[in-house]
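For reference, positions follow the sequence shown, starting with 1.
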Amino acid sequence: MAISKVILLRCLSLLCLTFAVNGIIPTTLEGPFKPVTVPVNTSILSKMTSLSLDDTRLKRPKLDLQPEQISVSLSSDASSVWISWVTGEFQTGYDIIPLDPQSVASVVQYGIYGTGRNNEATGNSLVYSQQYYTSGIIHHVLITGLDPDTLYEYQCGDPSIPAMSDVYYFRTMPSQPGDYPDRIAIVGDLGLTYNTSTTINHMLVNHPNLAFLVGDLSFADLYLANGSLSDCCSCSFPPCPYQETFQPRWDYWGRFMQILTAKVPTMVIEGDHEIEKQDDNQTFTSYSSRFAFPSGENGSSSALYYSFDAGGIHFVMLGAYASYDKSSDQYKWLESDLSNVNRSVTPWLVAAWHPPWYSTYKEHYREAECMRVEMEDLLYAYGVDIVFNGHVNAYERSNRVYNYTLDPFGPVYITVGTGGNEKNLTLEHADEPGNCPEPSSTPDGYMGGFCAFNFTSGPAAGNFCWNEQPDYSAYRDPSFGYGILEVKNETHALWTWYRNQDYTHVVGDVIYIVRQPAQQPVQPKGLPYDYKLLLLRQSSDQFY
């Protein structure tokens, strides 16, 4: 089995995919697996090149008020979806007169595919300003009363002008227990580069019917207000009370992403490049204005964290850049949300946030340790199955892990910050000689706090880093790419990692993630939380 696994994980041909189909895909039941590191492919490490702003995919529609940057996102109710778009050109400079959101209607005409667009929904619109920029009119419309697992067609815009979009299609999520989305595409750290283009084109070949973008979307904050690339807050006058950011890049990014977002429901969570701090202490203005979130529908008071269901999967999207300590609103909301999950209806519990807790790369090493210390016990106690992260511009999949220890009931952590970004791939590992960062360099740079101390037990006892690839790290690969999650039933989910440098049908990494609900310890209600966790730990000791 070990030889077959190595062949499968390193294969670069259709023949290897055929082997996988014939039944040698590994499962987490056979783990924990010995760590694998894919060597760096130097041929893909060319300088990052942004898409030209003259690229036809970044151009505005010909009609002035025709919708652009169209996207579909899920509501917390399976019978509803959000449709969002922008009308009118953004403005830059001084003495701007913002467009009037009331001057253009927010209308979606829709119907089941093949029956005509005989239904109509209306919504709300807004305009936001930031530095020397004012957005076009951003529209959000909630469509309700939809049938589950059904293909719909729609147009959005203002039919009275007329200025309607082209006709697009989306499929609603299944709603019955035992039903799951066919293919969920997951990636983070996209940006607007030629690597981004390859990632999205490859992703579309897999025909996903749901997409996750786990933070760092447009990277507008890497561009100064004059449009020039930089990675500093203000090169001329440091320190400054705000972060310069080239907001038109959000519009270019939204136009390009429409090839995905207009037909595949797409859910996003914020990354550090969405913070965009302004001089009045406003943050996440672009992020919270441009996307529709189900946060108000599920008890969350913030667009920075929310949850929703897609068939038999409950998704929890967490905010690493909002307060997460045990006294915070986010923590209290998360505890309430998890306690209300009915695993007989949604057997799978999947979480996502931007910076990984379990990453062996030097860049951002143990940067989110304070969040892990506060929240890991809660996710573990409620049996989260899979966690998706970005931030680190490389791919890594863990064995099941809890508190840096192999554990059969811990989640599988998967880092996919590999969409394209505006920098380059992360190559160095913290466990390689000379790469272990100084602990003082790893505090939470946004929320504050320092939690990444030396390990007190295990192979790295007394040290800040391992001296070899940790046993919790099953597979790591510094390549651009994305992943597809296919939940097959209440116990098996197929995870496949695809690399941009390969043909679209070639598998980079593949595994069945298997739940064992019959062996999962039952959490007795009414017992103190710490005692419930202790029971879980005692029950897992027999497996390792």
Side-chain angles (χ1 to χ4, degrees), residues 5 8-9 25-28 31-33 35-38 181 183-190 199 203 206 208 210-216 267-269 271 313 315-318 320 348-361 363-364 368 371-372 376 379-380 383-402 404 406-407 409-419 425-426 429 469-487 492-500 507-515:
K5 178 177 181 291
L8 177 65
L9 295 179
I25 296 178
T27 77
T28 52
F33 297 102
V36 172
T37 296
V38 176
R183 287 171 298 280
I184 305 170
I186 302 165
V187 72
D189 301 72
L190 279 164
T199 300
M203 185 185 294
N206 255 302
L210 179 61
F212 271 17
L213 309 181
V214 288
D216 285 0
M267 309 303 289
V268 302
I269 195 66
I313 314 171
F315 293 97
V316 177
M317 312 289 272
L318 299 182
W348 286 88
L349 185 51
V350 176
W353 60 89
H354 186 58
W357 294 348
Y358 289 97
S359 170
T360 62
Y361 288 88
E363 188 174 10
H364 305 306
M371 185 185 182
R372 186 193 69 81
E376 184 178 26
L379 297 186
Y380 179 85
V384 169
D385 299 297
I386 313 171
V387 171
F388 292 104
N389 304 115
H391 200 45
V392 174
N393 302 140
Y395 172 73
E396 186 164 19
R397 171 176 56 82
S398 79
N399 287 304
R400 288 192 178 276
V401 61
Y402 165 75
Y404 293 103
L406 296 172
D407 190 302
F409 299 123
V412 173
Y413 290 81
I414 300 174
T415 298
V416 281
T418 53
L425 291 167
T426 299
H429 305 109
Q469 185 174 356
D471 55 7
Y472 71 76
S473 174
Y475 189 92
R476 58 190 186 186
D477 180 1
S479 297
F480 292 108
Y482 68 97
I484 295 287
L485 181 68
E486 302 172 71
V487 176
H492 285 67
L494 180 65
W495 167 254
T496 310
W497 154 249
Y498 295 94
R499 309 189 308 176
N500 285 3
V507 171
D509 178 31
V510 63
I511 193 168
Y512 272 110
I513 298 171
V514 182
R515 299 179 61 248

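L213 places a side-chain heavy atom less than 4.5 Å from the side chain of V187. Between F388 and I184 there is no side-chain heavy-atom pair separated by less than 4.5 Å. Using a 4.5 Å heavy-atom threshold, the side chains of T415 and Y395 count as separate. Two residues are said to be in side-chain contact when any heavy atoms from C-beta on lie closer than 4.5 Å; W497 and V510 fail this criterion. L406 places a side-chain heavy atom less than 4.5 Å from the side chain of D471. At least one side-chain heavy atom of L485 sits less than 4.5 Å from a side-chain heavy atom of I386.
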**Request:** I would like to know whether V487 and I313 meet side chain to side chain contact (heavy atoms under 4.5 Å, CB included); could you show each step before the answer?
**Result:** CA-CA 9 Å; V487 176; I313 314 171; 3.6 Å; yes

**Message:** Run I269 and L318 through side chain to side chain contact (heavy atoms under 4.5 Å, CB included) and show every step you take.
**Reply:** CA-CA 7 Å; I269 195 66; L318 299 182; over 6 Å; no

**Request:** For side chain to side chain contact (heavy atoms under 4.5 Å, CB included), just list the numbers for Y413 and W357, CA-CA rounded to whole Å, side-chain angles, deciding distance to a tenth of an Å, and then say yes or no.
**Result:** CA-CA 8 Å; Y413 290 81; W357 294 348; 3.6 Å; yes

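Of all heavy-atom pairs between G483 and W495, the closest is CA-CH2, 3.3 Å. Minimum heavy-atom separation, R397 to I511: NH1-CD1, 3.4 Å. Considering every non-hydrogen atom in both R400 and G410, the closest pair reads NH1-O, 2.8 Å. Pairing each heavy atom of T418 with each of Y482, the nearest pair is OG1-N, 4.2 Å. In terms of heavy atoms, Y361 sits closest to A394 at CZ-CB, 3.3 Å. In terms of heavy atoms, S398 sits closest to P411 at OG-O, 4.2 Å.
No side-chain donor-acceptor contact under 3.5 Å links D189 to the backbone of G419. In this structure a side-chain-to-backbone donor-acceptor pair under 3.5 Å is missing from D407 to V401. A donor-acceptor pair is defined here as one N or O able to donate and one able to accept, closer than 3.5 Å; such a pair exists between the side chain of H354 and the backbone of V214. The closest donor-acceptor contact from the side chain of T28 to the backbone of V514 lies under 3.5 Å.
Atom CG of L494 is separated from atom CD1 of I484 by 10.0 Å, given to the nearest 0.5 angstrom. Distance check: F480 CZ to L190 CG gives 11.0 Å after rounding to the nearest 0.5 Å. Of the inter-residue distances, the one linking T27 atom OG1 with Y512 atom OH reads 10.0 Å to the nearest 0.5 angstrom. A distance of 11.5 Å separates CD of E486 from CD1 of I513, quoted to the nearest 0.5 Å.
With 3.5 Å as the limit, one finds a donor-acceptor pair spanning the side chains of Y358 and E376.
Under the rule for a side-chain hydrogen bond (donor to acceptor under 3.5 Å, both in side chains), the partners of T426 that lie at least two apart in sequence or sit in another chain are E363.
Partner T360 forms a side-chain hydrogen bond (donor to acceptor under 3.5 Å, both in side chains) with one of R476, H429, Q469 and no other, that one being R476.
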